[in-house]
Amino acid sequence: MKALQKAAASKADTKRRKPATSAAPAQRRAEKAPKNVVSMKVAITHPDRIVYPAMEITKSEVAEYYAAVAPWLLREAMRRPLSIVRCPGEIEKACFFQKHEESSLGDAVHSAKIKEKNRKTARYLYIDSPRGLVQLAQMNAIELHVWGATIDDPDHCDRLVFDLDPGAGVAWKRIAAAARDVRAALKKTQLQSWLRVSGGKGLHVVVPLRPAAEWNAAHAFAEMLARTLAAQSPQNYVAVAGEKNRENRIFIDYLRNARGATSIANYSLRARDHAGVALPIGWEELRRISSADAFTLHDVPGLLKRRRRDPWQDIGKIEQALPAQPS
DNA sequence: GGTGCTA
DNA sequence: TAGCACCAACGCGGA
DNA sequence: TCCGCG
């Protein structure tokens, strides 16, 4: 997350979308009143507040977006502990992370007790309904990040994630090739994987595990695979976070595979100027797209209506486990 | 965005 | 009751 | 231990 500045946006900064024509007083009153998101009965306050200045996207458009993609989004994100990025002002101006329960988020935004590393327990957010998702939008949640585990079994990883994060100057072709390389390496260990564009710069390769794995094993396996690829192709890949010499290379980020770590949820918006979406795609689609932020708030609801089949349809059906650790 | 304290 | 301050994560690795 | 990153 590039700009999670705490700097409070001053009230004067709050922009509203101007009505297309000069509004009659009655209309103006109607604009000011909270809008309900159709069929979800969630009141959206400040519906015309601009959230994405570059795209002139308003808060109510964000809420309508989440209402539209809710069934798809929930398929993977439901009942997983969430970290949300809330932007009460404009994106990249005053956003903050939240992962713990707050009673005022809405009656359909739930929380589950989960043990933290320090042995204490805390209540983590989760949702299991479209209504909960829209209530999060009302609370200015823009990005949703999820654990690779569910609240029902937080100690086991059922989704392994490789985040391919390109350094400066890496062409799209090489990012796409990296995803295929990760897929091929996984296939060698009999693991099938699924793909999504992050909505930002990179691609995510996701591996379902059923039965779910111990976090230690998941992390160790992911690290080994990332380091192996980096050793085989050091001109293309690095497996070390934050390395300055990432320039012209792709960081294979395996660090999401730790208990408590999160990755962007499918269909989540990104809090970046172009309103990109983290979209699951089929492997065969990879050659037809030209960037990881090719899909936006404006495209995705229509695209979902046209989609015959969910590219991740079978991710929850397949039974596959990590290979036995070489001893 | 919501809460709770203060003037 | 209007205004205001304050709150809303965390773990990792490198320096 | 602090800082930057994601």
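Letters A, B, ... mirror the listed sequences (proteins, then strands); counts begin at 1.
Atoms CG (A:D253) and P (D:dG4) sit 19 Å apart, rounded to a whole Å. Counting to the nearest Å, the P atom of C:dA8 and the CZ atom of A:F97 are 15 Å from each other. Following rounding to the nearest Å, A:H145 (NE2) and D:dC5 (C1') show an atom-to-atom distance of 13 Å. For A:L136 and C:dA8, the CG to P distance is 18 Å, given to the nearest whole Å. Distance CG (A:L125) to C1' (B:dG1): 14 Å, rounded to an integer number of Å. If you take CG of A:L144 and C1' of C:dA9, they are 15 Å apart, rounded to a whole angstrom. Spacing between atom CD1 of A:I84 and atom P of C:dA8 amounts to 13 Å, rounded to whole angstrom units. Look at CG on A:D163: it is 17 Å from P on C:dC12, rounded to the nearest Å.
Across B:dG1, C:dC12, D:dG6, the shortest atom-to-atom separation from the side chain of A:K59 is found for B:dG1. Of the candidates B:dG1, B:dG2, C:dC10, B:dG1 carries the atom nearest the A:H46 side chain, counting heavy atoms from C-beta on. Listed nucleotides C:dC12, B:dG2, C:dC10 differ in distance to A:L255; the shortest reach to its side chain belongs to C:dC12. The nucleotide whose nearest atom lies closest to any side-chain atom of A:H100 is, among B:dT3, B:dG1, C:dC10, C:dC10. Among the nucleotides D:dG6, C:dC10, C:dG13, the one closest to the side chain of A:D165 is D:dG6.
Here, B:dG2 and C:dC10 have their P atoms 23 Å apart, quoted to the whole Å. Of the C1' atoms belonging to D:dG4 and C:dA9, the separation is 15 Å, rounded to the nearest Å. Of the C1' atoms belonging to C:dG11 and B:dG1, the separation is 28 Å, rounded to the nearest Å.
Using a cut-off of 4.0 Å between Lys/Arg side-chain N and Asp/Glu carboxylate O, A:D293 and A:R270 are scored as not salt-bridged. Salt-bridge formation is detected for the pair A:R256/A:D253: a Lys NZ or Arg NE/NH1/NH2 atom is positioned less than 4.0 Å from an Asp or Glu carboxylate oxygen. Salt bridge annotation for A:R80-A:D152: absent, with no cationic side-chain nitrogen under 4.0 angstrom from a carboxylate oxygen.
Contacts of A:S83 with the nucleic acid, taken as non-hydrogen atoms under 4.0 Å apart, are absent. Using a 4.0 Å heavy-atom cutoff across all strands shown, A:K201 reaches no nucleic acid atom at all.
Within 6.0 Å of atom CZ in A:R287, 12 or fewer heavy atoms from other residues, nucleotides or ligands are found, so the atom counts as exposed in its surroundings.
Put simply, the side chain of A:I289 reaches to within 4.5 Å of the side chain of A:V197, judged on heavy atoms.
Within the structure, every side-chain polar atom (N or O) of A:R256 is placed at least 4.0 Å from both OP1 and OP2 of C:dG11.
Projected onto DNA chain C by closest heavy-atom contact, A:Q98 and A:A241 fall at different nucleotides, the more 5' of which corresponds to A:Q98.
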